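So the structure is just underneath, and the comments pick up after that.
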Amino acid sequence: MVKESRIFMWDFIKKVFRDICSAALDFFLFTTGFVLCIGFVGGLFAGKFLPAIIMGLIGLVLCIFGSRKLWFPKWQERQAKAKALPSVKPATLSETSEGNTVSDFAQESYEKAVADYNHLNEIIRQLSDKELIGQLEKMQAIAFKMLNYMKYHPEKVALADQFINYYQDRALSLSQQFLEFEEMNLNTPEINQLKAKTKITLESFDEAYEAQFSRMVSDKIMEMESELQVARQIMSDAGISNKAPHSSQPADIPREEPADSDSLDFRIDRPFDACGKKQGCHVRPRGRFQK
């Protein structure tokens with residue numbers, strides 16, 4: 001115990017010493033750069049342009065490097081958010097895959113979806129609650145894919161009406177109100193309770209987004225299922241068995257039950273669900289934001 005305490009104290013002392021040395025070095029670099037920038041101004045007034053420019057450039061570099069801890073982490077955070085939240089440019093939808101012209105309703109709905117998506121990106125960049133930011137970024141990743149799909153499949157915009165006019169619209173409104181509460185900088189029980197309820201409500205919105213996206217591509221899923229069924233039938237008629245060593249059992253084939261199930265005088269609770277994996281393999285637990 002004494003040895004562990006000594007190790008802990010030694011690590012703490014080393015960390016403090018490194019922080020002090022780093023702060024002293026940054027202060028020295030910044031002040032040196034600042035003095036050189038002043039010398040740059042003086043050199044210009046004295047007519048010594050070349051030495052003044054060299055001095056000014058060196059001073060500027062030293063000032064930037066000496067103050068990097070003040071701006072570099074925030075710059076990195078902004079860059080990370082910009083990558084995680086790509087913006088979408090409004091576009092005029094082309095004709096549908098059947099050759100029909102896009103209706104005004106579809107164009108207006110798509111433009112509203114794009115505007116709400118970009119507006120929500122701006123709100124996320126201003127939020128400070130990490131849990132809510134993570135949830136909204138997850139929702140925006142799905143919304144980005146949906147908008148791209150709508151752009152190239154305008155006939156599917158009508159199927160996304162609930163996503164456009166309710167889910168994304170509500171997400172934008174609730175996030176805007178949450179940001180306003182943060183900017184008030186009040187920690188009253190009422191505001192904290194409202195902020196917690198907002199996070200809990202938005203917690204399952206990404207699943208609603210995915211459900212809406214699945215609805216949009218349902219015809220693609222059915223088309224692929226039909227093609228797979230035809231392919232299996234053709235191979236079966238030709239006497240070709242498609243049984244790969246590691247292929248999973250099709251979901252439509254019933255699972256065999258034990259022949260003598262009555263002889264079992266106890267019940268085994270198998271932790272498996274319909275997908276053949278452990279429970280929770282595709283069901284996310286709720287209440288991540290609950291205290």
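FYI, the numbering just counts along the sequence from 1. Everything numeric here is computed off the predicted structure, so don't read it as measured data.
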**Prompt:** Is there a donor-acceptor contact under 3.5 Å linking the side chains of Asn165 and Asp169?
**Reply:**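 Per modelled atom types, Asn165 and Asp169 side chains form no pair under 3.5 Å.
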Got [X] and [Y] here, is their nearest side-chain heavy-atom distance under 4.5 Å?
| X | Y | result |
| --- | --- | --- |
| Lys145 | Tyr149 | no |
| Glu182 | Lys195 | yes |
| Lys199 | Phe178 | yes |
| Ile133 | Asp129 | no |
| Gln107 | Glu111 | yes |
| Phe163 | Met216 | no |
| Leu147 | Lys151 | no |
| Phe205 | Lys138 | no |

Considering all heavy atoms of both residues, which atom of [X] and which atom of [Y] are nearest to each other, and what is their separation?
| X | Y | value |
| --- | --- | --- |
| Ile164 | Asp116 | O-OD2, 4.3 Å |
| Cys37 | Gly56 | SG-O, 4.4 Å |
| Val157 | Ala106 | CG1-O, 3.6 Å |
| Ala171 | Leu120 | O-CD1, 4.1 Å |
| Leu127 | Ser175 | CD2-O, 4.4 Å |

**More than 12 heavy atoms of other groups within 6.0 Å of Lys48 NZ** = no
Joint hydrophobic cluster, [X] plus [Y], side-chain heavy atoms closer than 4.5 Å:
| X | Y | result |
| --- | --- | --- |
| Leu36 | Phe34 | no |
| Phe49 | Phe45 | yes |
| Tyr166 | Leu159 | yes |
| Leu172 | Ile142 | yes |
| Val61 | Met55 | no |

**Prompt:** Are the side chain of Asn187 and the backbone N or O of Asn192 linked by a donor-acceptor pair below 3.5 Å?
**Reply:** no
**Prompt:** Counting distance only, does the side-chain N/O of Gln135 pair as donor-acceptor with the main-chain N or O of Glu203 below 3.5 Å?
**Reply:**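 Yes, because the side chain of Gln135 sits within donor-acceptor range (under 3.5 Å) of the backbone of Glu203.
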**Asked** Between Phe144 and Tyr117, what is the ring plane arrangement, given parallel below 30°, perpendicular above 60°, and tilted in between?
**Response** tilted
**Request:** Please lay out, stage by stage, how Gln177 and Ser173 fare under the test side chain to side chain donor-acceptor pair (under 3.5 Å).
**Result:** CA-CA 6 Å; Gln177 295 177 50; Ser173 175; 3.2 Å; yes
